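Just so it is clear, the model here is predicted, and its values are computed rather than measured.
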Amino acid sequence: MGTTRGAKRDPLGRYLSSNAREWRSGSKDGQMAVLAALMLLTVVMFIVSLTWYDLMPAATFIMPVVVGSVLLQWWPQAALSSVALFAATVTALVNSVSGGFNSSRPATLVTIYLATGALLYSASRYRSGLPAALSEAMLMELRDRLQRQGAVPKLPDGWLSESAMESAGSAKFAGDFLVANLSKDEKHLEMVLVDVCGKGVAAGTQSLQLAGALGGLIGSLPPLGLFSAGNDYLLRQHWDEGFATAVHVLVNLETGGYEVLNAGHPPAMHWDRDLQEWVVSGARGLALGIIDQPDFRPASGVLRPGEALMFYTDGVVETRSLDLEVGIDWLRGAAKLAIAPGMEGAPARIMDQTEPGEDDRAVLILHRLAD
């Protein structure tokens, strides 16, 4: 008997699952299924309201409209809103005729009409053409993919990499991102930390696009070729603020040898175990997306056991009270204090010492463990 009941439930489960998938895809069939369900709910509410107005007054018809604003595209939401407003108006008039005029009902209807108009106007502003819930889900999926792409792969024994990022105003999107690639033989690690012009959500969409472009090329092009491709990509976009700073590092995980390229980014730093201080890298270059074929001056070195490389964005070292040069000197001291308990967790400790400002912030440390 249990099997029979399960079989009877399967068609309903398959039907609901199918419609849920259709809705998540934003297809017309999915939208029509949701619209039909909300229309049916509105009709039931209309019948109940005509019979027991005190149980279902006109104000309750805003509920399907609100639900529709989350689940529906503009055109089916407009159809649902028309039906809901008609039902609210009719029930209010019928009750006024049968039960006497109530001065609060016109105010209720006006409020419903204004709220519905505001929801419809808001829906018409979604450039994606998707309902609010799907638009949010799509953006979150893109953000999660960007974050997964920026995760440094598991490194061979003897190496540790950690990062900390925070967007301006705690927005869900940031103009800072990381792209990393570990070679198949696990001998070479390549990383690019990028800061797209702007901050928070304003730079988020641009960083998503640039991250996709760089993520598809890293490991396939030499460092200079990767920067050249990124520069050409930005020049083709014709964005109002279409430039980005970036720092690139290619590390030989067997020898510790590395090369740093810098495109207008705050300089990388090397923790020297003998000097017991952070040494500023000499790599320099122009930001990406400004001119064709910019020049880059690379810098190279060797990470010995117990040493580390640190990369960061300008939001860490530039504030209203500190310019870049003073900020870099400050960071050298702050980072020295942050690694005193050990390299593990140092990026988060550095971020804790920075001032939350109007720019995105990111810190990345690559550490070669002591023998």
Side-chain angles (χ1 to χ4, degrees), residues 142-143 145-147 149-150 152 163 165 167-168 173-183 188-251 258-269 280-301 309-318 324 328 359-364 366:
L142 288 173
R143 183 201 65 178
R145 288 186 181 185
L146 175 62
Q147 291 177 344
Q149 179 176 276
V152 177
S163 63
M165 293 188 179
S167 59
F173 294 89
D176 301 342
F177 66 88
L178 172 70
V179 178
N181 178 70
L182 182 64
S183 62
H188 295 90
L189 174 66
E190 191 173 0
M191 297 187 293
V192 186
L193 180 62
V194 182
D195 183 0
V196 175
C197 179
K199 51 185 175 291
V201 177
T205 55
Q206 295 178 2
S207 69
L208 285 171
Q209 294 178 63
L210 183 57
L214 294 179
L217 296 174
I218 190 170
S220 301
L221 293 176
L224 283 172
L226 182 65
F227 267 21
S228 178
N231 185 70
D232 292 344
Y233 175 83
L234 289 173
L235 289 174
R236 291 196 303 269
Q237 302 312 304
H238 302 295
W239 290 330
D240 292 336
E241 295 179 301
F243 69 91
T245 67
V247 61
H248 175 284
V249 62
L250 178 62
V251 184
Y258 68 86
E259 183 180 75
V260 175
L261 280 180
N262 193 310
H265 205 80
M269 295 186 189
V280 177
S281 168
R284 297 291 186 273
L286 190 64
L288 304 176
I290 296 180
I291 64 171
D292 192 24
Q293 297 181 342
D295 292 327
F296 302 106
R297 186 178 71 190
S300 59
L309 284 173
M310 177 170 64
F311 311 95
Y312 51 94
T313 57
D314 56 3
V316 175
V317 292
E318 281 187 318
L324 182 60
I328 290 173
D359 203 357
D360 304 322
R361 296 171 293 155
V363 176
L364 168 69
L366 175 65

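- Checked against side chain to side chain donor-acceptor pair (under 3.5 Å), Thr313 has the following partners two or more places apart in sequence or in another chain: Asp176.
- Atom OH of residue Tyr233 and atom CG of residue Leu288 lie 13.0 Å apart, to the nearest 0.5 angstrom.
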Query raised in the report: Is there a side-chain contact (heavy atoms from CB on, under 4.5 Å) between Leu178 and Met165 once you walk through the steps?
Result: CA-CA 10 Å; Leu178 172 70; Met165 293 188 179; 3.8 Å; yes
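- Here the CG atom belonging to Leu193 is positioned 12.0 Å from the NE2 atom belonging to His248, to the nearest 0.5 angstrom.
- Between Ala283 and Ala299, the closest heavy-atom pair is N-CB, 3.5 Å.
- Annotation for Val316 and Ala362: closest pair CG2-O, 3.5 Å, computed over non-hydrogen atoms.
- A distance of 9.0 Å separates CZ in Arg297 from OG in Ser281, rounded to the nearest 0.5 Å.
- With sequence neighbours excluded, the residues that form a side chain to side chain contact (heavy atoms under 4.5 Å, CB included) with Leu217 are Leu221, Leu226, Ala229.
- For Ser300, the side chain to side chain donor-acceptor pair (under 3.5 Å) criterion is met by no residue, not counting sequence neighbours.
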Requested in this report: Go through Leu189 and Leu366 one step at a time and tell me if the side-chain contact (heavy atoms from CB on, under 4.5 Å) criterion holds.
Outcome: CA-CA 10 Å; Leu189 174 66; Leu366 175 65; 3.9 Å; yes
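- If you run side-chain contact (heavy atoms from CB on, under 4.5 Å) between Met191 and each of Val179, Val247, Leu364, only Leu364 comes through.
- Legend: side chain to side chain donor-acceptor pair (under 3.5 Å) pairs involving residues 260-269, not counting sequence neighbours, sorted by first then second residue: Thr245-His265.
- Taken to the nearest 0.5 Å, the CG atom of Asn231 stands 8.5 Å off from the CD1 atom of Ile290.
- Residues satisfying the side chain to side chain contact (heavy atoms under 4.5 Å, CB included) test with Pro267, not counting sequence neighbours, are Val280, Arg284, Tyr312, Ile328.
- Residues that satisfy the side chain to side chain contact (heavy atoms under 4.5 Å, CB included) test with Asp314, not counting sequence neighbours, are Asp195, Pro266, Glu318, Asp359.
- Remark: Tyr258 engages His270 in a ring pair (Phe, Tyr, Trp, His ring centres under 6.0 Å) (not counting sequence neighbours).
- Counting heavy atoms from C-beta outward, Leu324 and Val317 have side chains that approach closer than 4.5 Å.
- For Phe296, the ring pair (Phe, Tyr, Trp, His ring centres under 6.0 Å) test picks out Phe227, with sequence neighbours left out.
- With rounding to the nearest 0.5 angstrom, the OG atom of Ser228 is 7.5 Å from the CG atom of Asp292.
- Two residues are said to be in side-chain contact when any heavy atoms from C-beta on lie closer than 4.5 Å; Val194 and Leu214 meet this criterion.
- Annotation for Val260 and Ala268: closest pair CG1-CB, 4.3 Å, computed over non-hydrogen atoms.
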